[in-house]
Amino acid sequence: MTLVSKISILLSSVGIIIGISMQYHLFIGFQNATGKTQTLYGLQQLAYIKYALIGLTSMMLTIISIFKKENKKNIFLTLSLSIFTILIFLLDIWRLFI
């Protein structure tokens, strides 16, 4: 495993941790909100979309590792982690907890 793959895995892991804490924060805030605030609460998630750049950076590092012809398992791992990181930030996972 090269340095590029290790950095990609580290970035994805940090992104997943930030994404899970963000989704939990949104859920707790929604539970404490009242009528009109709950109606527009999904707009608060837009403030966190900038963190999806962590997953995009990880995906770019994965593409670099593809060109370096790394091990297929490492490429699959880093690619799946980066896609999962991006999806955490783009999907409304906190709505599933309601």
Side-chain angles (χ1 to χ4, degrees):
M1 189 178 295
T2 63
L3 182 64
V4 176
S5 293
K6 289 179 183 177
I7 293 172
S8 177
I9 290 172
L10 180 69
L11 278 174
S12 294
S13 300
V14 169
I16 289 170
I17 291 169
I18 292 171
I20 290 172
S21 66
M22 181 238 0
Q23 294 289 341
Y24 180 74
H25 171 72
L26 285 171
F27 171 69
I28 295 299
F30 183 79
Q31 291 295 330
N32 295 331
T34 57
K36 290 181 185 177
T37 308
Q38 283 183 349
T39 305
L40 298 173
Y41 203 76
L43 295 176
Q44 286 192 0
Q45 186 176 6
L46 295 177
Y48 294 105
I49 287 186
K50 62 185 172 191
Y51 291 111
L53 290 175
I54 295 171
L56 289 175
T57 304
S58 176
M59 188 173 286
M60 285 190 271
L61 290 173
T62 301
I63 292 170
I64 289 172
S65 66
I66 289 172
F67 287 126
K68 287 187 171 187
K69 304 211 188 291
E70 284 192 30
N71 188 0
K72 299 283 184 188
K73 290 180 184 177
N74 293 340
I75 291 172
F76 180 74
L77 175 68
T78 55
L79 185 63
S80 60
L81 282 175
S82 63
I83 290 171
F84 184 66
T85 304
I86 293 169
L87 287 177
I88 283 179
F89 288 108
L90 296 181
L91 297 178
D92 292 336
I93 297 172
W94 62 272
R95 290 182 189 235
L96 298 176
F97 301 136
I98 299 173

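Model, not experiment: these values are computed from the prediction. Along the sequence shown, the residues carry numbers beginning at 1.
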### Task
Mind listing the closest non-hydrogen atom pair of Y48 and F89 along with its distance?
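Nearest heavy atoms, Y48 then F89: O-CD2, 3.8 Å.
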#### Entry: Over all atoms of both residues, closest heavy-atom pair of I54 and L11
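So the minimum-distance heavy-atom pair works out to CG2-O, 3.2 Å.
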### Query
Taking only residues two or more places apart in sequence or in another chain, which ones pass side chain to side chain contact (heavy atoms under 4.5 Å, CB included) with I49?
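Listed in chain order: L46, L90.
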### Remaining members of hydrophobic cluster (4.5 Å side-chain criterion), I75
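Joined to I75, directly or through intermediates: I66.
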### Query
Under the 4.5 Å side-chain heavy-atom rule for ILVMFWY, direct or indirect, which residues accompany M60?
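Hydrophobic cluster check, M60: no partners found.
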### Query
Residues in side-chain hydrogen bond (donor to acceptor under 3.5 Å, both in side chains) with T57, at least two apart?
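Result, side-chain hydrogen bond (donor to acceptor under 3.5 Å, both in side chains) vs T57: none returned.
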Show which side-chain atoms of residues 13-30 pair as donor or acceptor with protein atoms under 3.5 Å away, not counting sequence neighbours.
residue	atom	partner	partner atom	Å
S13	OG	I9	O	2.8
S21	OG	I17	O	3.3
S21	OG	I18	O	2.9
Q23	OE1	I93	N	3.3
Q23	OE1	W94	N	2.9
Q23	NE2	I88	O	2.8
Q23	NE2	L91	O	3.2

### Query
Passes side-chain contact (heavy atoms from CB on, under 4.5 Å), V4 versus I7? Steps please.
CA-CA 5 Å; V4 176; I7 293 172; 6.0 Å; no
To the nearest 0.5 Å, tell me how far [X] [atom1] sits from [Y] [atom2].
X	Y	atom1	atom2	answer
T2	E70	OG1	CD	3.0 Å
S5	K73	OG	NZ	14.0 Å
L53	I86	CG	CD1	9.0 Å

### Query
Linking I/L/V/M/F/W/Y whenever their side-chain heavy atoms sit closer than 4.5 Å, directly or via other members, would I83 and F76 fall into one cluster?
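In one cluster: no.
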### Query
Would you say S12's side chain and S8's backbone share a donor-acceptor pair under 3.5 angstrom?
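Side chain of S12 to backbone of S8: a pair is present.
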### Query
What side-chain hydrogen bond (donor to acceptor under 3.5 Å, both in side chains) pairs are there with at least one residue in residues 74-88, not counting sequence neighbours?
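The answer is T62-T78.
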